Amino acid sequence: MRRGFAVSAAVIGLVLLCSAYGFAAHGEKRPEKRAILLAAFGTTVPEAQKTLDQVTQRVRQAFPGVDIRWGYTSSLVRKKLAKQGKVYDSPETALSRLMDEGYTHVAVLSLHTIPGEEFHDLNRNCKLFGQMAGGFDRILVAWPLLSSHDDTTRAATAVLKHIPRERKPQDAVILMGHGSEHHPADAMYSAMNIVLQEMDPNVFIATVEGYPSLEDILPKLEKKGARKVYLMPFMAVAGDHARNDMAGDDPDSWKSVLKKKGYTCEVVLKGTAEYPDVVDIWLDHLRSAFAHFN
Ligand code: CO
């Protein structure tokens, strides 16, 4: 009995020791090395790339001394950039490098807006990196932008603050969200709509690929009697969707559809990652992930 206790105590002690020092294979002791991996869809639009660079700055200020890497989830974006000589890793390639370089603790920040398919894919692969032999001692994926009611309220408050000052209260604002086939996550846009409408009844959110669509919003917009509509992206960067599907001149762009219905349109080409108070939400999610390392 006593001996059994001593053995278990020794085993527990050893387990604690191993987790504290991060023993790798063959009992090699490895020092704790922390990194942050920023993951985003990626963009080929140079202005949008600048936005992502600004995010790096913010993360660097918030986590001085921690190494920061990027991973772009879109292979199409990575291929296009590679042709211009700009080589970007996928999150998985970036993680392999970090693993190879002996990092022990990695916090991954998903710069996605909702916890949709891309977020879940990222989360799944990141977890696998924590299970590999010689993998990370800890790897945690921080939540994307809208992950709670508090996030939704903060994001809505922040975005409303950045509506151009010239907008009059009777002018409507439509935010363009991406939308997702991942329905539970897509419902975040409906939640966002309720919060926005409570704060300002002339502000709506609609999505490109989810619910509500622009068509779903149009009858509600009509009831408000606005003649002018401000269009703003509700995606991390003002990339392809914002520039073409929202603000483009094609007959099926949101701007064209609204103009055809008699509205005058003002477009704002700024992604949510350009708003410091929106980036604060992402940073808080990263801080929560980091808190688990201590
Ligand atoms: Co898309």
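Each ligand, and each atom within it, is numbered from 1 in the order the structure gives. Fair warning: this is a prediction, and the values are worked out from it, not measured in the lab.
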Checklist entry - Angle class for the His178/His241 ring planes (parallel below 30°, perpendicular above 60°, tilted otherwise)? => result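 Plane angle over 60°, so perpendicular.
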Next on the checklist: Are Phe293 and Leu95 linked, directly or through intermediate hydrophobic residues, by side-chain heavy-atom contacts shorter than 4.5 Å (ILVMFWY only)?
Outcome noted: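 Unlinked, Leu95 and Phe293 end up in two clusters.
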Checklist entry - Among the protein atoms near the Co ion (ligand 1), how many are N, O or S and lie under 2.8 Å away? => result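 Those protein atoms number 2 in total.
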Item to check | Set of residues satisfying ring-ring contact (aromatic ring centres under 6.0 Å, His included) with respect to Phe136, sequence neighbours excluded | outcome: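 In terms of ring-ring contact (aromatic ring centres under 6.0 Å, His included), with neighbours along the sequence ignored, Phe136 is linked to no residue.
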Next on the checklist: Show every salt bridge (charged side-chain N to carboxylate O under 4.0 Å, His left out) that has at least one partner inside residues 89-108, sequence neighbours left out.
Outcome noted: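 The answer is Arg69-Glu101, Asp89-Arg97.
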Next on the checklist: Among Met199, Met192, Glu198, exactly one meets side chain to side chain contact (heavy atoms under 4.5 Å, CB included) together with Thr153. Which residue is that?
Outcome noted: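 That would be Met199; it is the only one of Met199, Met192, Glu198 passing the side chain to side chain contact (heavy atoms under 4.5 Å, CB included) with Thr153.
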Donor-acceptor pairs under 3.5 angstrom involving side-chain atoms of residues 220-235: please list them, not counting sequence neighbours.
{"from": "Lys224", "atom 1": "NZ", "to": "Pro201", "atom 2": "O", "distance (Å)": "3.0"}
{"from": "Arg227", "atom 1": "NH2", "to": "Gly262", "atom 2": "O", "distance (Å)": "3.2"}

